[in-house]
Amino acid sequence: TGNQWGYGKDDGPSAWNKNYPIADGDRQSPIDILPHQARHDPNLGPIVLNYDRCTSINIANNGHSVVVEFEDSDDRSVIQGGPLDNPYRLKQFHFHWGGKGCHGSEHTLHLVHWNAVKFKTFGDAASTPDGLAVLGIFLETGDEHRWLHMITDALYTVKFKGSVTDFKGFNPKCLLPSSLHYWTYLGSLTTPPLHESVIWIVVKEPMIVSEKQLGKFRTLVFTGEEEDERTRMENNFRPPQLLKGRTVRSSN
Ligand code: B30
Ligand code: ZN
């Protein structure tokens, strides 16, 4: 099928601009956040997460990452406050991670939300400026994370691209660090179609996970069960993009 993209030598981030010219646009993500160049904004309030009603549906391997999807037909799971003018509904979260012994690679958790006040569907929001709010959390290696086993224990069920398993009643709040102080800037999806539609909220405090837990993500594969080739799912992240005059604001 057409519009193939991935993280390999020939279909990886440096080739994305061929099918997705917005890859070279003016508000692409991710960016390298340098704390000293961020501007403290006293008007930025705290981030408030209302995730209490556990609206997760399933966990899936989409061939690029592992994704947990949420019921988003009402406002049961929303993020508000901070730079956001409306509550944004949780649609899914997913991870990006590096390879074994890969120093300085970005391990991240992305919680993806959309503005259901201004848009009818996620798709409408995803292609319009400020339609999405993504909460980004850095993963750092250290002690074992107390709740990440809830995710890693399900990974064997979604080893191959296209596999989906029920995953009900999971509240992602258990994954988050205790402080939600953040940086915020305007950017894009970090994967094709790279729409410039995201208000990024990047949490300063990392989530600590063990090497062993991170290793379990690398048991996933990019490829489908029927394919002859099996390529380990790792290094599924985009390198930093140019800032192009944007300002990064800091909540404190
Ligand atoms: S990320 O958090 O920036 N890594 C998507 C969401 C979050 C990130 C990356 C991608 C995403 O939703 N991708 C699918 C977007 N599209 C597919 C499409 O081809 O065109 C689905 C959609 O609207 O509903 Cu636009
Ligand atoms: Zn992501």
Side-chain angles (χ1 to χ4, degrees), residues 1-7 11-13 16-23 25 27-33 47 56-73 77 79 83-84 88-98 105-116 118-139 151 161-162 164 172 175-176 182-203 206-207 209 214 217 220 222 233-241 246:
T1 54
N3 275 353
Q4 291 295 3
W5 63 271
Y7 293 96
D11 66 355
W16 291 350
N17 63 354
K18 193 168 179 237
N19 285 139
Y20 305 93
I22 196 64
R27 59 172 276 191
Q28 288 289 295
S29 294
I31 56 166
D32 200 4
I33 294 177
I47 290 294
S56 70
I57 304 170
N58 60 42
I59 188 166
N61 177 333
N62 63 12
H64 311 296
S65 182
V66 56
V67 186
V68 174
E69 297 183 307
F70 288 75
E71 170 62 51
D72 66 347
S73 60
S77 297
I79 185 174
L84 307 175
Y88 283 59
R89 279 183 197 166
L90 182 59
K91 165 80 170 171
Q92 51 109 323
F93 70 80
H94 61 269
F95 297 85
H96 303 266
W97 59 93
S105 74
E106 292 228 315
H107 312 301
T108 51
L109 161 62
H110 288 160
L111 295 123
V112 182
H113 311 75
W114 61 286
N115 186 338
K118 294 211 331 211
F119 303 98
K120 275 211 189 62
T121 68
F122 175 82
D124 289 348
S127 53
T128 312
D130 314 345
L132 301 186
V134 182
L135 188 65
I137 322 276
F138 295 115
L139 275 59
I151 305 294
K161 176 182 180 171
V164 185
L175 298 178
L176 305 188
Y182 61 91
W183 296 286
T184 184
Y185 76 98
L186 299 179
S188 72
L189 301 180
T190 66
T191 65
L194 300 166
H195 296 318
E196 294 187 331
S197 57
V198 181
I199 300 174
W200 277 94
I201 300 168
V202 178
V203 175
M207 170 183 170
V209 311
L214 216 39
F217 286 87
L220 300 172
F222 284 128
M233 188 178 279
E234 61 186 7
N235 297 313
N236 58 347
F237 61 89
R238 187 186 197 196
Q241 304 299 303
R246 286 174 285 179

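In this text, all values refer to a predicted model and were calculated from it rather than measured experimentally. Order of appearance sets the numbers: ligands from 1, and atoms from 1 within every ligand.
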[X] to [Y] - nearest heavy-atom pair and separation:
X	Y	answer
K91	D72	CD-OD2, 3.4 Å
S197	A126	OG-O, 2.7 Å
A133	L84	CB-CD2, 3.8 Å
G187	S29	CA-OG, 3.3 Å

(message) Any carboxylate oxygen within less than 4.0 angstrom of a Lys/Arg side-chain nitrogen, looking at D130 and R27?
(response)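 So D130 pairs with R27 through a salt bridge.
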
(request) State the OG1-NE2 distance between T191 and H110, to the nearest 0.5 angstrom. (result) 10.0 Å

(message) Nearest 0.5 angstrom please: Y20 OH to S188 OG, how far?
(response)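 One gets 13.5 Å once the value is rounded to the nearest 0.5 Å.
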
(request) May I ask you to list the protein N, O or S atoms found at less than 2.8 Å from atom 25 (Cu) of ligand 1? (result)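 Counting only protein N, O or S atoms under 2.8 Å from atom 25 (Cu) of ligand 1, the list reads H195 NE2.
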
(request) Give the numbers and elements of all ligand 1 atoms closer than 4.0 Å to a heavy atom of H96. (result)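 Near H96, meaning under 4.0 Å from one of its heavy atoms, ligand 1 has 4 (N).
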
Do me a favour and list the nearest non-hydrogen protein atom to [atom] with residue, atom name and distance?
atom	answer
atom 10 (C) of ligand 1	T191 OG1, 3.3 Å
atom 21 (C) of ligand 1	F122 CE2, 4.4 Å
atom 3 (O) of ligand 1	T190 N, 2.9 Å
atom 2 (O) of ligand 1	H94 CE1, 3.2 Å

(request) Pull up every protein N/O/S atom sitting under 2.8 Å from the Zn ion (ligand 2), skipping waters. (result)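 Listed by chain and number: H94 NE2, H96 NE2, H110 ND1.
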
(request) Answer yes or no: is there a side-chain heavy-atom contact under 4.5 Å between I47 and P83? (result)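 Contact flag for I47/P83 side chains = yes.
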
(request) State, yes or no, whether a side-chain contact exists between V68 and S56 at a heavy-atom distance under 4.5 Å. (result) yes

(message) Does only the side chain of V112 get under 4.0 Å from ligand 1, or the backbone, or both, or neither? Count heavy atoms.
(response)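 It is the side chain that gets close, since no backbone atom is under 4.0 Å.
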
(message) Applying the ring pair (Phe, Tyr, Trp, His ring centres under 6.0 Å) criterion to H64, which one of W5, F237, F222 satisfies it?
(response) W5

[X] touching ligand 1 at heavy-atom level, < 4.0 angstrom:
X	answer
W200	yes
Q92	yes
K91	no

(request) Applying side-chain contact (heavy atoms from CB on, under 4.5 Å) between H195 and each of L189, T128, L132, report the one that passes. (result)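 With H195 as partner, L189, T128, L132 yield a single side-chain contact (heavy atoms from CB on, under 4.5 Å), made by L189.
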
(request) Would you kindly say whether W200 and T184 are connected by a side-chain donor-acceptor distance under 3.5 Å? (result) no

(message) Regarding Q28 and R238, do their side chains bring together a donor and an acceptor under 3.5 Å, going by distance alone?
(response) yes

(message) Before you tell me yes or no, could you show the steps for Y88 and W114 under ring pair (Phe, Tyr, Trp, His ring centres under 6.0 Å), namely the whole-Å CA-CA distance, both residues' side-chain angles and the distance that decides it to 0.1 Å?
(response) CA-CA 5 Å; Y88 283 59; W114 61 286; 9.2 Å; no

